[in-house]
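Chain letters run A, B, ... following the sequence lines, proteins first and then strands; every chain starts at 1.
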Number of protein chains: 2
Amino acid sequence: MKLSTKGKYGVRALFEIARNYGKGPLAIKEIAERQQISLSYLEQILHRLGKAGIIESVRGPHGGYELARKPVELTIGDVVRALEGPIALSHCLEPGATTDGCYQAEDCVARMVWSKVGEKIEEALDSITFEQLLRQYHGKDREHPAHRKKLVAAGKGAC
Amino acid sequence: MKLSTKGKYGVRALFEIARNYGKGPLAIKEIAERQQISLSYLEQILHRLGKAGIIESVRGPHGGYELARKPVELTIGDVVRALEGPIALSHCLEPGATTDGCYQAEDCVARMVWSKVGEKIEEALDSITFEQLLRQYHGKDREHPAHRKKLVAAGKGAC
DNA sequence: AAAATACTTGACAGATTTAGTCAGGTTTGT
DNA sequence: ACAAACCTGACTAAATCTGTCAAGTATTTT
């Protein structure tokens with residue numbers, strides 16, 4: 001019951017992009033530095049987010065990534081689904097899965113349990129928009145990059 | 001965002017034990033057969049559930065496992081926590097974890113997000129008791145073991 | 001007391017997934 | 001033309017998951 005780093009990094013990266021909303025594209029190199037994520041790895045993540053229609057890329061000098069929709073229309077759920085696949089606690093709940101493989105197909109108690117829990121998880125994830133996150137952040141400016149760099153050098157990570 | 005087989009098998013095994021509630025201990029061999037779980041693997045799982053105080057074992061002939069508490073006091077959350085560890089979407093939320101390693105300690109937006117989602121997940125898991133599962137099952141007797149065996153032999157699995 | 005039944009424990013190994021790197025390539029603004 | 005910046009896919013090391021195996025210990029029946 002853990003999240004992979006893809007999901008966590010994804011939210012952090014997207015948070016940076018969201019902070020830049022309305023100010024043009026943000027370069028991947030900039031995101032990588034601010035959030036201390038390996039640039040190559042971040043490329044993978046952003047590519048997935050692009051395919052999912054969450055961000056758009058602008059190529060060429062001064063290019064970068066920007067949100068494809070307004071922060072209020074973007075939820076944590078969108079990001080997690082894009083990066084970790086559909087939330088299907090049991091494989092028989094994946095979209096497109098049939099009950100063919102299940103020997104107790106009709107009224108499988110287990111399936112009902114995982115299905116119900118999955119719905120609640122989606123609800124929780126979808127109830128948090130990036131607009132809310134930005135608002136929580138409003139005013140409180142983060143540590144200065146140089147200060148952060150010092151902390152990271154001292155072995156500090158991030159959530 | 002998947003569940004490991006430990007969690008899924010655990011719930012299924014426990015469901016069998018719960019079905020036998022009040023009728024004395026249920027042998028592990030019986031559980032393994034009914035739910036088509038490898039006996040050796042099931043031993044591991046039941047041992048963890050025992051250490052977590054969810055089931056109690058009775059040794060000797062006619063021994064087996066039985067619920068340590070009433071089905072109404074046993075939730076899916078108890079089982080998942082026992083088998084998959086505490087539900088901490090981010091490692092900085094694990095019990096006993098400090099914020100020492102986090103360079104944005106004070107108001108880490110990411111942590112707030114995962115903490116809130118984690119709470120909702122726990123809520124969902126804890127809202128389902130085995131008593132409810134048993135009631136849903138009431139009356140509908142499962143396929144006959146022999147029939148099930150045939151289905152399993154034909155390559156059918158379970159949720 | 002012996003045998004049968006059943007639980008206990010820990011080591012181990014193969015398969016899968018994750019996390020991250022690398023080496024190219026392509027697009028576009030100046 | 002050049003450089004900044006994104007695009008793509010292959011690759012690998014490490015971790016985790018899934019399950020097996022073997023050698024116990026405990027309890028009850030006979």
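Among the heavy atoms of the strands lying under 4.0 Å from B:Gly64 are primed sugar atoms or P, OP1, OP2 only; no base atom is included. Nucleic acid contact class of B:Lys6 (heavy atoms, under 4.0 Å, all strands): base.
The separation between B:Leu3 atom CG and C:dT17 atom C1' is 16 Å, rounded to whole Å. In this structure, the CD1 atom of B:Ile45 is 8 Å from the P atom of D:dG19, given to the nearest Å. Summarising the geometry, the separation between NE2 on A:His91 and P on D:dC17 is reported as 17 Å, rounded to the nearest angstrom. Separating the CG atom of A:Leu39 from the C1' atom of D:dA4 is a distance of 12 Å, rounded to the nearest angstrom. Atoms CZ (A:Arg48) and C1' (D:dT8) sit 13 Å apart, rounded to a whole Å. Between the CD1 atom of A:Ile55 and the P atom of D:dC7 there is a distance of 8 Å, rounded to whole Å. With rounding to whole Å, B:Leu49 atom CG is found 13 Å from C:dC7 atom P. If you take CD of A:Glu30 and P of D:dA4, they are 15 Å apart, rounded to a whole angstrom.
Contact annotation: A:Ser4 does not reach the phosphate of C:dT17 (side-chain N/O to OP1 or OP2, under 4.0 Å). The phosphate of C:dA19 (OP1 or OP2) has no side-chain N or O of A:Ser38 nearer than 4.0 angstrom. Contact annotation: A:Thr5 reaches the phosphate of C:dG20 (side-chain N/O to OP1 or OP2, under 4.0 Å).
Under the ring pair (Phe, Tyr, Trp, His ring centres under 6.0 Å) criterion, no residue pair touches residues 48-68 of chain A, with sequence neighbours excluded.
In this structure, the side chains of A:Leu83 and B:Met1 stay at 4.5 Å or more apart for every pair of heavy atoms. Between B:Leu125 and B:Thr75, every side-chain heavy-atom pair lies at or beyond the 4.5 Å cut-off. For the pair B:Lys8/A:Ser90, a side-chain contact is recorded, criterion being any heavy-atom separation below 4.5 Å from C-beta on. For the pair A:Glu66 and A:Leu26, the minimum side-chain heavy-atom distance is 4.5 Å or more. Side-chain contact between B:Leu46 and B:Glu43 is absent, with no heavy-atom pair separated by less than 4.5 Å. Between B:Val113 and B:Leu89, every side-chain heavy-atom pair lies at or beyond the 4.5 Å cut-off.
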What pairs of nitrogen or oxygen atoms, one from the protein and one from nucleotides 1-5 of chain C, lie under 3.5 Å apart?
none

I'd like a list of close polar pairs between nucleotides 12-14 of chain D and the protein, N/O only, cut-off under 3.5 Å.
none

Show me the protein contacts with nucleotides 9-11 of chain D, counting only N or O atoms at under 3.5 Å.
none

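The pair B:Arg12-B:Glu16 does not count as a salt bridge, with every side-chain nitrogen at least 4.0 angstrom from each carboxylate oxygen. Salt bridge A:Glu131/A:Arg135: present, at least one basic N to carboxylate O contact under 4.0 Å. Ion pairing of B:Glu33 with B:Lys29 is absent here, as no side-chain N (NZ or NE/NH1/NH2) approaches a carboxylate O to less than 4.0 Å. Between B:Glu119 and B:Lys116, none of the side-chain N atoms (NZ, or NE/NH1/NH2) sits under 4.0 Å from a carboxylate O, so this pair counts as no salt bridge.
Nearest heavy atoms, A:Glu84 versus A:Ser4: OE2-OG, 2.8 Å.
In the set C:dT21, D:dT18, C:dC7, the nucleotide with an atom closest to the side chain of B:Ile28 is C:dC7. Nearest to the side chain of B:Tyr65, among D:dT20, C:dT8, D:dC7, sits C:dT8. Considering only side-chain atoms of A:Tyr9, the nucleotide from C:dG20, C:dT18, C:dT21 that sits closest is C:dG20.
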key: For DNA chain D, the dot-bracket pattern of Watson-Crick and G-U pairs whose distances stay under 3.5 Å, | for other-strand partners   = ||||||||||||||||||||||||||||||
task = Any chance you could lay out the salt bridge (Lys or Arg N to Asp or Glu O under 4.0 Å) test for A:Glu123 and A:Lys120, step after step, and finish with the verdict?
result = CA-CA 5 Å; A:Glu123 243 173 63; A:Lys120 294 281 183 108; 5.8 Å; no
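Taken to the nearest 0.5 Å, the CD1 atom of A:Ile121 stands 4.0 Å off from the CD1 atom of B:Ile121.
Applying the salt bridge (charged side-chain N to carboxylate O under 4.0 Å, His left out) rule to A:Lys2 yields the partners B:Glu94; only residues at least two apart in sequence or on another chain are considered.
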